[in-house]
Every structure is written in structure tokens, then in C-alpha cells.
Amino acid sequence: VRGNGSTNILFEGCKITAHNTHSTDVSSSAVSRTSAATSYPDTVIFRNCTITGGNFGIHYVGSNTRKNQVTIEGCNITSCYRGIYTNYTNGLISNNHISQVSSTNPQYFTGIYANYPVGADISNNTVDSVIKMEYGIYLGNAANSADFYVRNNQVHAGNGTAGIYITNSSSTNNITGYLYNNEAILY
């Protein structure tokens, strides 16, 4: 499913399957929006969906001027490289189960990758990987973000780098991000 330039979309109870190419290529995503709508804000909602395969389960790019609204809740996502990838969004990622597919040639998996997570609420998710996990939850460019929450998540990983990782969170910048009651087990 590709949705470049599309707005106000609801995916509810959908079953979406994509082919894994075992690479970092975004063109093999189950759901992908690689460019934001240009003239107005938008909302995209994924609710109670099953998304299987693809290098990315959900790949959603917003706009740095509007911080587009994305909601991903109650989904079961099984992916090869990134379960959920968001860029410039201010939505809710909640109550999802995200896991890495078993593969003979797995990529370094990240369950939730939120770049510029302004206003993001990442809560009550479970991220599992028994193969190769890079990060359970990764927040990029957090120093340029505000009012994000990462709470009540569980990350279980064999052979991982970090359960929850926040980058560009300089102590010289004022950040209003909240992390609490998360569990990360790396074994």
C-alpha cells in the first residue's frame, strides 16, 4: 500500500502482507508513505491491523512544518528491518505487538523507530526479537523534539544493542520528553 500525498486515511482490521527483500530498502514496505501531503495537515490511523513482512511494516513520513498525525494502535506487526518507522509525526503508537520475522539472512531489527518524535506517545507496546535486534525503541533527533512520551513498553531481545535508545538528546537543549515504566530485557 503506497500513500504519497494522501490524507485522512483509516486502516481498521486490515490484513496486509508484503514481500521481504532482506534489505533496508523502503520500497518493500507493507504500508509506505515516503512524502507528506504538501498543502494541509493530515491524519492516518492504523487500528487492529495485522501487518506481515516487508522491510518496513509501516513507513510513514510526515512534514517538518506540520508534524502530521499518525495513530498506530492494537496492531500486530511482523517485519524484517523496521516494524514501525515514523518521521516528523505527533501521534500515538500504542498497544502494538511488534516482532522480527525469522529469517536465514536477518537485518538488524528495530521495533519502533521515531525520528523527530514531537508530541509522540509511544506506550504499552511489546517488541520481541530472538534473532538480531539493533534497538527495541529508537528516538532520533530528540533534541529537536518536545513533549514526547515513552511509557509502559516491553522490549525483549536476544543479541541486541539497546532496548530503548535516544539520540541527539544534548544536555544543552531543553527537552520535554518523558520515559517511564519501560522494561527492556536483552539476553
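Quick caveat: nothing in here was measured; it's all calculated off a predicted structure.
- Y135 meets the ring pair (Phe, Tyr, Trp, His ring centres under 6.0 Å) test with Y138, Y165; sequence neighbours excluded.
- When side chains are defined from C-beta on, Q69 counts as touching N90, because their heavy atoms get closer than 4.5 Å.
- F46 CZ to I9 CD1: the interatomic distance, rounded to the nearest 0.5 Å, is 7.5 Å.
- Closest of all the heavy-atom pairs between D128 and F109 is O-CE2, 3.9 Å.
- How far OG of S99 is from NE2 of H156: 13.0 Å, rounded to the nearest 0.5 Å.
- For the pair N125 (side chain) and I98 (backbone), a donor-acceptor distance under 3.5 Å is absent.
- Heavy atoms only, all atoms of each residue included: P117 and G140 are closest at CD-O, 3.4 Å.
- Between the side chain of D121 and the backbone N or O of S94, no donor-acceptor pair lies under 3.5 Å.
- A distance of 9.5 Å separates OG1 of T17 from CD1 of I51, quoted to the nearest 0.5 Å.
- Here the options are N141, T86, T89, the test is side-chain hydrogen bond (donor to acceptor under 3.5 Å, both in side chains), and the partner is N115; only N141 passes.
- In this structure, the side chains of Y88 and V61 stay at 4.5 Å or more apart for every pair of heavy atoms.
- Annotation: the span from T78 atom OG1 to H97 atom NE2 amounts to 7.5 Å, rounded to 0.5 Å.
- Separation of atoms CG (N124) and CZ (R151) is listed at 8.0 Å; rounding is to 0.5 Å.
- By the 4.5 Å heavy-atom criterion applied to side chains, I45 and E12 are not counted as neighbours.
- Inter-residue side-chain proximity for Y85 and T110 is flagged as unmet; no heavy-atom pair is nearer than 4.5 Å.
- Here the CG atom belonging to N95 is positioned 12.5 Å from the CD1 atom belonging to I72, to the nearest 0.5 angstrom.
- At least one side-chain heavy atom of F148 sits less than 4.5 Å from a side-chain heavy atom of L179.
- When every heavy atom of A30 is checked against every heavy atom of G53, the shortest pair comes out as CB-O, 4.1 Å.
- Remark: the backbone N or O of G74 is paired with a side-chain donor or acceptor of N96 at under 3.5 angstrom.
- Looking at I122 and N153, their side chains come closer than 4.5 Å, going by heavy atoms from C-beta outward.
- The only member of N182, I93, I166 that meets side-chain contact (heavy atoms from CB on, under 4.5 Å) when paired with V150 is N182.
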